[in-house]
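Reviewing the structure listed below.
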Amino acid sequence: MLSFEAPPTIDDACSCKTAGARRLYHCNDCFDFTACCATCFVNRHESNPFHWAEFWNGSFLERKDLSELGFIVPLKHGPDCDSCPRASPITFTIVDITGIHETQVALCRCLTEKHDRVDLLLRSQIFPATLDQPQLGFTFNVLRDFHLQTLTSKKSSYDYLTALRRKTNNGILSNISSPYSQFLRVQRLWRALTMIKRSGQVHQIDKEFPLRREGNLAVPCFACPEPGFNVPNEQWGSVDEELGFLNTLMLMMDGHFGLQRLAKVDDPDDVSLLDGHALFPPDERYNDYVRNTVAYSEEKSTCSKFNAVDMQNKLKFKGSVITGVIGVSCNRHMVFLSLIDLQKGERYANADFGLAYALERFVSHPSIKAGQFFPEILVTYDVACQYCVHLKSRFSSNFIHLSEAAASIRLLVPKKHLDGHKEDCKYRFSLNYSKGTGRGHGEGIEVSWSESKQSGASTRQMNHGHRHDTLNDLHNDWNWTKVQGLAESLAKRLKKAITSRMKAIDHFLGLSLVHGEEKVREWEKESTEPHRKNGEWQSVYRFKCGKLPSQASILQSLEQAEKNIVEHTEARESSLKQPALSRIIYTGIKLQDRQRELKRGGTTVDAEAINTRRSALATDIKLWRKAQVTVFPQLHDMIVNAEISTEPEKEKLFLPSEIDLKEHQELGLEAAAEHEFHLREGQANDSVKAICNAVMHGMVLRDEKRERARGVSQNTRALKQINSVKDKKNFHVSKYRFARSQILKLKGNDPSIMEDYPELKDEDTYAKNATSSRKVGDGKSVDSWIWSFGKLKGLNEEEKADFIRDSEFLITDFFVN
């Protein structure tokens with residue numbers, strides 16, 4: 001870094017060999033520049049006239065403009081203008097990304113004696129600060145750079161211009177002029193002209209999109225359904241109900257209070273350069289609506305804890321003439337369709353206009369009813385439960401040309417905001433329980449606010465028109481970034497959806513088989529639409545709170561479930577062909593369970609209780625040994641030679657699963673091994689059922705604790721019950737894992753057996769909470785295999801093949817049709 005403060009070749013003889021020419025000039029703006037004399041420096045910078053010449057004055061490098069070396073920037077009338085003999089040089093200030101230059105420019109007079117200074121400047125890609133004999137201009141390069149920086153970082157004009165002044169002279173800033181006011185005007189014009197250029201209006205793009213608003217400058221969403229553009233006209237109205245979402249217009253809207261405008265002395269004549277052609281509506285139309293409708297609109301929300309509507313007349317709005325904006329964007333791709341100013345907080349009347357203005361984007365003429373294009377219009381809004389009450393009547397009064405569209409609007413609440421609503425709303429206005437909404441969450445517009453809020457500090461100080469132009473440009477750039485990543489984003493979503501769909505189908509088919517065809521048919525007949533009953537909104541998805549069991553009854557049901565498992569296992573064992581053989585194996589398995597339970601409880605039970613249980617276990621094992629040797633005399637020597645343990649829980653019982661599979665035939669244990677295999681299957685099956693039972697009871701207990709437990713005493717008691725259920729679940733998890741390991745030993749890790757009895761991971765022992773409404777993120781996954789466990793158990797090979805064939809047919813049918 002220090003070496004560039006005085007390049008090593010400085011003050012040497014110049015390579016041009018001119019007499020007396022010294023290397024006194026260096027350029028830091030060029031790459032790998034070698035110092036040279038003034039003449040060479042000018043010749044090498046004819047196409048870079050706004051680089052700084054660093055002049056060696058004998059002590060240090062001193063910055064100079066090229067005009068001080070005799071160079072004059074030619075302003076030509078065209079490419080064929082090489083050197084105008086009548087060109088007249090004038091002093092001119094040019095702002096470039098390298099800094100602010102007080103330089104000399106030559107005005108071409110080849111065509112006429114009186115030149116058009118503005119035209120010459122624009123042909124040279126310099127934007128004049130005024131139209132009347134300008135003496136200050138901004139290069140297109142610096143305007144492009146500021147425009148991109150302010151879009152990405154929300155940098156203010158003042159900060160950017162200050163940086164340019166410091167680039168010019170970072171030592172004495174007061175010596176550098178500040179064209180701040182001129183820069184404000186020019187960059188505002190640049191924003192507007194850039195939007196017009198990129199919109200395609202100069203190429204009459206409106207002819208290609210007859211449904212869009214005439215003269216529209218906003219970047220549209222290319223993925224949302226649009227007749228005649230991305231959806232054939234003949235498809236409208238012909239799509240069946242299952243695929244109706246393809247023609248559904250999905251929108252989301254939300255208020256944002258970070259884009260205020262302060263009440264201050266401003267220019268009353270300042271108007272937007274894009275009035276009504278971008279995201280904000282025409283001022284005249286909206287102002288009339290505000291005076292006649294919004295001024296008399298008073299609404300209060302009685303539901304949402306977010307108080308989106310009740311944010312009216314708050315101190316935070318003191319000193320603000322505009323308290324924020326309300327935006328409408330497409331729900332699936334987060335592209336803005338409209339922005340509306342808020343005068344006194346967020347009112348339904350403001351939201352109505354924003355929604356109407358967005359819907360008009362799909363109407364080629366006010367007399368055409370938008371409802372004919374979309375079978376349904378789905379809109380998510382924070383306070384949809386209140387906003388929807390009189391929506392149709394408000395649209396019939398204020399937007400009669402959209403009254404039919406309003407009739408097809410279905411309002412829902414974004415998933416995260418739904419947490420702050422009443423329990424009724426969580427079923428009436430949830431995306432989780434609404435058909436055709438897919439994995440949409442309705443919160444996408446919140447992401448955009450975090451980006452646009454960064455510009456709030458600048459835009460709140462702007463005049464009305466300037467603020468609108470700036471916000472139009474910033475949100476239009478947001479639209480463009482979304483369009484840029486649209487193809488990649490949709491491809492990722494599609495891959496993820498296909499994977500998730502396969503899992504969901506498999507889970508659904510499994511549940512259907514487990515519960516049986518009769519129960520499934522009964523469920524299919526039930527309506528999924530919420531309905532009001534006894535003053536409460538009911539839904540098939542809503543857990544019936546009146547049936548919530550008490551803590552005592554939960555424990556009783558757990559004990560009864562365990563009793564049923566024992567009775568079920570005993571009944572299954574008694575049905576086997578060899579009662580004596582089965583009884584020996586069954587009793588051995590029960591003793592083994594007691595051994596494992598004694599090991600597990602050794603650290604939590606007092607010593608006296610452990611000794612009592614250990615003594616009882618030792619006695620029972622001794623009695624069982626006599627019966628075992630009677631039925632399996634071939635095991636006598638093996639048992640006698642086994643290592644004797646003083647702790648019965650560590651004693652080896654020599655069940656078939658504890659003997660190497662290769663020795664079964666030699667010892668004549670094939671029949672015994674088959675009996676143990678079936679009993680182990682039952683043990684594993686019963687364990688899975690017990691795990692599911694414990695998980696569901698744990699859900700109920702946690703919800704009951706959250707709703708009813710108050711104070712240390714009640715919370716401690718409730719927590720004790722929850723931990724008791726958790727311990728039972730962990731015991732049955734361990735029991736299944738052990739049963740599975742013994743099954744694999746008996747069958748030699750047979751792949752078909754491993755498929756029937758999967759590995760049980762900790763994350764498999766949880767489920768979505770069925771006692772409450774869906775939570776954010778629930779839709780990303782399906783419950784684990786334990787909830788559909790047994791879908792192929794009990795079927796013979798032919799029935800299994802039929803099931804798999806039907807499943808594959810269902811999947812194939814979906815993709816084909």
Side-chain angles (χ1 to χ4, degrees), residues 565-566 568-599 617-618 620-645 647-688 734-760 789-790 792-797 800:
I565 289 173
V566 172
H568 177 66
T569 305
E570 291 176 343
R572 179 172 56 245
E573 180 272 334
S574 64
S575 66
L576 295 175
K577 294 181 179 180
Q578 300 181 25
L581 179 62
S582 299
R583 175 59 63 179
I584 289 296
I585 300 297
Y586 171 71
T587 306
I589 290 175
K590 301 304 287 185
L591 289 172
Q592 206 172 52
D593 287 342
R594 289 170 62 185
Q595 287 180 316
R596 294 176 52 254
E597 189 173 359
L598 189 59
K599 293 177 184 178
L617 178 60
D620 291 342
I621 290 177
K622 187 175 181 180
L623 292 173
W624 179 76
R625 283 292 189 202
K626 294 179 181 179
Q628 182 187 28
V629 173
T630 301
V631 177
F632 302 108
Q634 64 271 40
L635 298 179
H636 180 269
D637 293 341
M638 191 177 292
I639 295 173
V640 171
N641 297 327
E643 183 179 349
I644 301 175
S645 175
E647 298 177 346
E649 65 269 24
K650 295 181 180 180
E651 185 173 344
K652 188 174 180 179
L653 300 183
F654 292 99
L655 291 169
S657 58
E658 295 179 295
I659 300 174
D660 193 287
L661 185 61
K662 297 177 182 179
E663 298 182 31
H664 283 187
Q665 184 175 1
E666 180 182 342
L667 295 172
L669 296 177
E670 294 96 331
E674 191 66 22
H675 278 258
E676 184 182 356
F677 169 71
H678 289 299
L679 289 171
R680 292 292 186 186
E681 275 194 318
Q683 187 182 32
N685 295 344
D686 292 342
S687 298
V688 171
S734 175
K735 191 174 179 180
Y736 171 84
R737 288 170 176 168
F738 181 75
R740 178 178 182 270
S741 68
Q742 302 307 97
I743 289 173
L744 296 180
K745 288 179 181 178
L746 291 166
K747 291 298 181 181
N749 293 326
D750 186 341
S752 62
I753 300 299
M754 296 177 71
E755 182 181 350
D756 281 350
Y757 292 94
E759 179 185 0
L760 180 63
F789 179 73
L792 298 183
K793 309 298 184 297
L795 301 182
N796 58 39
E797 293 304 318
K800 286 185 180 182

Does H664 use its side chain to pair, donor to acceptor, with the backbone of I659 at less than 3.5 Å?
yes
For residues H675 and Y586, determine if any side-chain heavy atom of one lies less than 4.5 Å from a side-chain heavy atom of the other.
no
Would you compute the distance between atom CG of L655 and atom NZ of K745 and round it to the nearest 0.5 angstrom?
11.0 Å
Is E674 close to F677 at the side-chain level, that is, under 4.5 Å between some pair of heavy atoms?
yes
Using side-chain heavy atoms (C-beta onward) and a distance below 4.5 Å, is I585 in contact with P656?
yes
Would you compute the distance between atom CD1 of I743 and atom NE2 of H678 and round it to the nearest 0.5 angstrom?
10.5 Å
Within the 4.5 Å heavy-atom criterion, are I639 and Q628 side-chain neighbours or not?
yes
Mind listing the closest non-hydrogen atom pair of K599 and E649 along with its distance?
CE-O, 2.9 Å
In Å and rounded to the nearest 0.5 Å, what is the CH2 to CG distance from W624 to L617?
11.5 Å
About how many Å separate CZ of R625 and CG of D620, when rounded to the nearest 0.5 Å?
12.5 Å
K747 vs R680 side-chain heavy atoms within contact, under 4.5 Å:
no
Please tell me if the side chains of I621 and Q595 come closer than 4.5 Å, counting only heavy atoms from C-beta onward.
yes
Rounded to the nearest 0.5 Å, how far does OG1 of T587 lie from CG of L653?
11.0 Å
Shortest non-hydrogen separation from F654 to L635 and the atoms involved
O-CD1, 3.9 Å
Okay, side chain of R740, backbone of P758: is any donor-acceptor separation there less than 3.5 Å?
yes
From R596 atom CZ to L591 atom CG, the distance as rounded to the nearest 0.5 Å
13.0 Å
What I'd like to find out is whether the side chain of E658 reaches to under 4.5 Å of the side chain of Q592, using heavy atoms alone.
yes
Heavy-atom closest contact (Y757 atom, A684 atom, distance)
CE2-CB, 3.7 Å
Distance-only, no hydrogens or angles: does the Q634 side chain make a donor-acceptor pair with backbone N or O of L667 under 3.5 Å?
yes
